[in-house]
Amino acid sequence: DILKQLDFEEIYSELFYSFPSDADICRIHVGGDFFNQKYFDAWVFLAQNKPDVIFYAYTKSLPYWTNTRCSIPENFKLIASRGGRADNLINQYNLREAVIVLSLEEADMEGLDIDHTEQIAIQGRDNFALLIHGTQPKGSEAGRAIQTLKKEGVEYSYS
């Protein structure tokens, strides 16, 4: 909430001075997303100024990404998440995407590697799969998929 009230320079300053000096990989947001363009741009600028750190984020805030795509450095890895208002930009700009799948077989049929450890998100360049995770409605297809993964002993949680 505090960052939402600041201008670009102030946001960047807050990010820069609160960033751990010994970090080598930074996942931006475990929950949440980029909330405006200046906040997104401040993260891009931080990555530009910390080239030895790998930054990565899953995002539905695709317009901020596509507005800034020419200035995003190599060490800033973005992964599109479907389910937002701008999903059309994923195909339009060929954005890297994490596809949620319900089974190992579905990932295989789609020709996607499943990222169990975040290594593909961090080091990869191509689309990849994540197994369905989180709380799903009881009786839903996703809920049944999680029950099947549990029965089969498949690791599907991303804690």
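Worth knowing before you read on, the calculation uses all heavy atoms, side chains too, and leaves out hydrogens, waters and symmetry mates.
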Colleague: Are I146 and I132 close enough that some pair of their side-chain heavy atoms sits under 4.5 Å apart?
Modeller: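 Answer yes - side chains close enough.
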Colleague: What distance separates K38 NZ from N36 CG, expressed to the nearest 0.5 Å?
Modeller: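 If I round to the nearest 0.5 Å, the distance is 5.5 Å.
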Colleague: With sequence neighbours excluded, what pairs up with E105 under the salt bridge (charged side-chain N to carboxylate O under 4.0 Å, His left out) test?
Modeller: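 Result, salt bridge (charged side-chain N to carboxylate O under 4.0 Å, His left out) vs E105: none returned.
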Colleague: Going by the rule side chain to side chain donor-acceptor pair (under 3.5 Å), which residues pair with E74 if we only count those two or more places apart in sequence or in a different chain?
Modeller: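 With sequence neighbours excluded, E74 shows a side chain to side chain donor-acceptor pair (under 3.5 Å) to R125, given in chain and number order.
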Colleague: In terms of hydrophobic clusters joined by side-chain contacts under 4.5 Å, are I72 and I122 together?
Modeller: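 No, no single cluster joins them.
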Colleague: List the residues meeting ring-ring contact (aromatic ring centres under 6.0 Å, His included) with Y56, not counting sequence neighbours, and say none if there are none.
Modeller: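 For Y56 there are no ring-ring contact (aromatic ring centres under 6.0 Å, His included) partners, ignoring immediate neighbours.
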Colleague: Drop me the distance from E155's CD to K150's NZ, to the nearest 0.5 angstrom.
Modeller: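 It comes to 12.0 Å.
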Colleague: Is there a path of hydrophobic side-chain contacts, each under 4.5 Å between heavy atoms of I/L/V/M/F/W/Y residues, joining L112 to L78?
Modeller: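 Each belongs to a different hydrophobic cluster.
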Colleague: Would you kindly confirm whether V99 and L62 end up in one hydrophobic cluster when ILVMFWY residues are joined by side chain heavy atoms under 4.5 Å apart?
Modeller: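 No; tracing contacts between hydrophobic side chains, which count when under 4.5 Å, never links both residues.
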Colleague: Cut-off 3.5 Å, no hydrogens considered: what does the side-chain donor-acceptor table look like for residues 79-95, sequence neighbours left out?
Modeller:
{"from": "R82", "atom 1": "NE", "to": "E97", "atom 2": "OE2", "distance (Å)": "2.5"}
{"from": "R82", "atom 1": "NH2", "to": "N91", "atom 2": "OD1", "distance (Å)": "3.3"}
{"from": "R82", "atom 1": "NH2", "to": "E97", "atom 2": "OE1", "distance (Å)": "3.4"}
{"from": "D87", "atom 1": "OD1", "to": "G83", "atom 2": "N", "distance (Å)": "3.2"}
{"from": "D87", "atom 1": "OD1", "to": "G84", "atom 2": "N", "distance (Å)": "3.2"}
{"from": "D87", "atom 1": "OD2", "to": "G83", "atom 2": "N", "distance (Å)": "2.9"}

Colleague: Taking side chain to side chain contact (heavy atoms under 4.5 Å, CB included) as the definition, give me every residue that meets it alongside S140, ordered by chain and number, with sequence neighbours left out.
Modeller: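 For S140, the residues satisfying side chain to side chain contact (heavy atoms under 4.5 Å, CB included) (neighbours in sequence not counted) are Q136, P137, A142.
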Colleague: Can you sort out the partners of D33 under side chain to side chain contact (heavy atoms under 4.5 Å, CB included), two or more places apart, ordered by chain and number?
Modeller: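 D33 satisfies side chain to side chain contact (heavy atoms under 4.5 Å, CB included) with T59, K60, S61 only.
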Colleague: Just distance, no hydrogens or angles: give the donor-acceptor pairs under 3.5 Å from side chains in residues 4-13, sequence neighbours left out.
Modeller:
{"from": "D7", "atom 1": "OD1", "to": "E9", "atom 2": "N", "distance (Å)": "3.3"}
{"from": "D7", "atom 1": "OD1", "to": "E10", "atom 2": "N", "distance (Å)": "2.9"}
{"from": "E10", "atom 1": "OE1", "to": "D7", "atom 2": "N", "distance (Å)": "2.9"}

Colleague: For residues 15-25, dump all side-chain donor-acceptor pairs below 3.5 Å to protein atoms at least two apart in sequence or in another chain.
Modeller:
{"from": "S18", "atom 1": "OG", "to": "E14", "atom 2": "O", "distance (Å)": "2.6"}
{"from": "S18", "atom 1": "OG", "to": "L15", "atom 2": "O", "distance (Å)": "3.4"}

Colleague: Excluding sequence neighbours, so at least two apart, what forms side chain to side chain donor-acceptor pair (under 3.5 Å) with W43?
Modeller: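 For W43 the side chain to side chain donor-acceptor pair (under 3.5 Å) partners, ignoring immediate neighbours, are Y39.
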Colleague: For the residue pair F34 and H29, is the inter-centroid distance of their aromatic rings smaller than 6.0 Å?
Modeller: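 Judged by ring-centre distance (under 6.0 Å), F34 and H29 do meet the cut-off.
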Colleague: Do you know which two heavy atoms are closest between L131 and S103, and how far apart they sit?
Modeller: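 Looks like CD2-C, 3.8 Å.
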Colleague: Are F128 and I54 connected, step by step, through hydrophobic side chains (Ile, Leu, Val, Met, Phe, Trp, Tyr) whose heavy atoms are closer than 4.5 Å?
Modeller: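 Looking at the clustering, I54 is in the same group as F128.
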Colleague: Rounded to the nearest 0.5 Å, what separation is found between the CZ atom of R144 and the CG atom of L149?
Modeller: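 So the CZ of R144 and the CG of L149 are separated by 13.0 Å.
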Colleague: Check whether any side-chain heavy atom of D115 lies under 4.5 Å from a side-chain heavy atom of L130, and answer yes or no.
Modeller: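 Yes, side chains in contact.
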Colleague: Using the side chain to side chain contact (heavy atoms under 4.5 Å, CB included) criterion, which residues pair with P73? Sequence neighbours excluded.
Modeller: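 With neighbours one apart ignored, the set is V44, A47, Q48, N75, F76.
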Colleague: In Å, rounded to the nearest 0.5 Å, how long is the span from CZ of F45 to CZ of F40?
Modeller: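 If I round to the nearest 0.5 Å, the distance is 14.5 Å.
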Colleague: My understanding is that only residues two or more places apart in sequence, or in another chain, count here; which of them pass side chain to side chain donor-acceptor pair (under 3.5 Å) with Q37?
Modeller: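 Once residues adjacent in sequence are excluded, the partners of Q37 under the side chain to side chain donor-acceptor pair (under 3.5 Å) criterion are D41, N67, T68.
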Colleague: With clusters defined by side-chain heavy atoms of hydrophobic residues (ILVMFWY) lying less than 4.5 Å apart, directly or transitively, does Y58 cluster with L46?
Modeller: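 In one cluster: no.
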